[in-house]
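First the structure, in the form of structure tokens, and then the observations on it.
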Amino acid sequence: MKRLSQLRNLVSSRLRRRSSSMKPVCPADQLPHELLAYVFSLATEDPAVNQLALLHITHVCARWRHVALAAQALWGRIVLAFPVSSQQLAYAAAYLVRSGAHPLDILWDLRDPSWDWDEDTHRFRWQEMQHVMRLFLPHFSRWRNVDLLSDTWAPIFTFLWYTKDVQSGPMLESVSLCRCNAYFAMPGQTFQPNSLRQPIKLFGGIDLPNLRKITLVGVHINWSQPSVLTGLTHLEFKYLASDVTPTVEQFQSIIEACPQLDYLSIYGRGPNITTDSPSQFSMLKLETLSFGFLDTTYAVQFFSRLYVPNLQKLELEDISTGVSPTGSVDASPFLHWFVSEAASDRVPFRQLQTLELQSIVSTKGDLHSFFGVFPAVLHLALIDMPEDALSLLVPPSSPDFQLQGGSLFPALQDLRCQDANPDILIEVVTSRAYIILSILYRRHLLNLHDILHLQLGHFLVYVLRTQA
């Protein structure tokens, strides 16, 4: 009996080992460490994935935790969102440790959806921002991309105050400081609050060799910065109060220090231009200019001083509807300037390839003259524009009409619309497609069978491209 019992135990043991070896293996367990880490990185690139989700990965199993903790890049993107709790700060602290020496991409979104527009009652004050800065500032040498979104000035002022004494930021590539309150861009509106009006140099004015992109929205800084605003390729000034904009001389110093600047965006006011400012703003590498205007007088003054011979893309928007209760302004004086300068080589309107217009209000005749300034446009966007603007794209109905002979935007390839009349849009698409196909047919480049197929395809492509 004893021997029989031993035999039974031996068989049972072997059966258990065999059963264990035949257990199904999870596909994820078969991935090499490097590939599993890459899968984690793809998951965390999704903006909808929060920091807590990445922490959950480390609690799935021992292997996942080991792989995640060893991949420093996974922990390099840190987000704080209002309301910033002690738990969020604790998670951020863990990320800072686990990211090791990897560059940091930081987003602080401190906007309160229920804010009542009173600076003194906002629930995120300078005291809360102080805790954030004390946590992140020791890692400044690893900052790569920093975005700070705030309703009020106090958090940004605290950011400027704490970073004014930094010594080196070798990894810093882009900075975005946004006070999300367009009201301060209204004509005559001065910077508030007065208690925090002291201008501070961005990062103390130190040399940041890899900084290429700066976005400044509703800020007040010391514009006399010899090093920080140097070597940029992307610069944005938006919704600055009229009394804290850079002078013409300061603006010139900035663009002269950025010879490779290829993107410039100004919404509201850029440099403080006066009637006795004959200066020319020369940007030889500039390819994209985005300009949002509140009044046409300043718009004309700014554009009259531009020298941008390589401009490829122009974006124009009337931003007055979102800033002033009086609504849109008549853009006609601004459009007249474009017509008068059509032959100028300072701004190559006739070589422009991309034109985007938003909320521009003017007469149909002025819009027609304005459109005629841009014969080489390939890509056109009309967003929240009057019906007259879109109807101008319908070519004349003459049977002998040749598209390249008299239509606006004869080289147009892409049309993007938003809030457009669908009937007018369909007429624009079908009429222009018909003219193109007719020309090809007359030149014996197409037969009737090809036209039937191409016309349908051309129409569908246009319709798809106009969905915004």
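The first residue in the sequence is number 1, and the count goes up from there.
- Nearest heavy atom pair, residue Leu378 against residue Leu412, reads O-CD1, 3.5 Å.
- The two residues Pro246 and Phe237 have their closest heavy-atom pair at CG-CE1, 4.4 Å.
- Using cut-offs of 30° and 60° for the angle between ring planes, the Tyr298 and Phe302 rings count as parallel.
- The shortest heavy-atom contact between Val329 and Ser320 is N-OG, 3.6 Å.
- Between Arg179 and Asp151, the shortest heavy-atom contact is CG-O, 3.9 Å.
- Ring planes of Phe159 and Trp143: parallel class, angle under 30° (limits at 30 and 60°).
- In this structure, Tyr183 has its ring center no closer than 6.0 Å to that of Tyr239.
- Just one residue in the list Leu149, Val84, Thr152 forms a side chain to side chain contact (heavy atoms under 4.5 Å, CB included) with Leu110, and that residue is Val84.
- Close placement of the Phe191 and Trp153 rings is indicated, their centers lying within 6.0 Å of each other.
- Atom CD1 in Ile424 sits 4.0 Å away from atom CD in Glu387 (nearest 0.5 Å).
- Using a cut-off of 4.0 Å between Lys/Arg side-chain N and Asp/Glu carboxylate O, Arg416 and Glu356 are scored as salt-bridged.
- Once rounded to the nearest 0.5 Å, the distance linking NZ of Lys238 with OH of Tyr267 reads 5.0 Å.
- One side chain, Ser332 or Ser362, offers a donor N or O that lies under 3.5 Å from an acceptor on the other.
- By the ring-ring contact (aromatic ring centres under 6.0 Å, His included) test, Phe370 is found to be paired with Phe338, Phe374, residues two or more places apart in sequence or in another chain being considered.
- One N or O on the side chain of His220 and one on the backbone of Arg197 form a donor-acceptor pair closer than 3.5 Å.
- A distance of 6.0 Å or more separates the ring centres of Phe281 and Tyr307.
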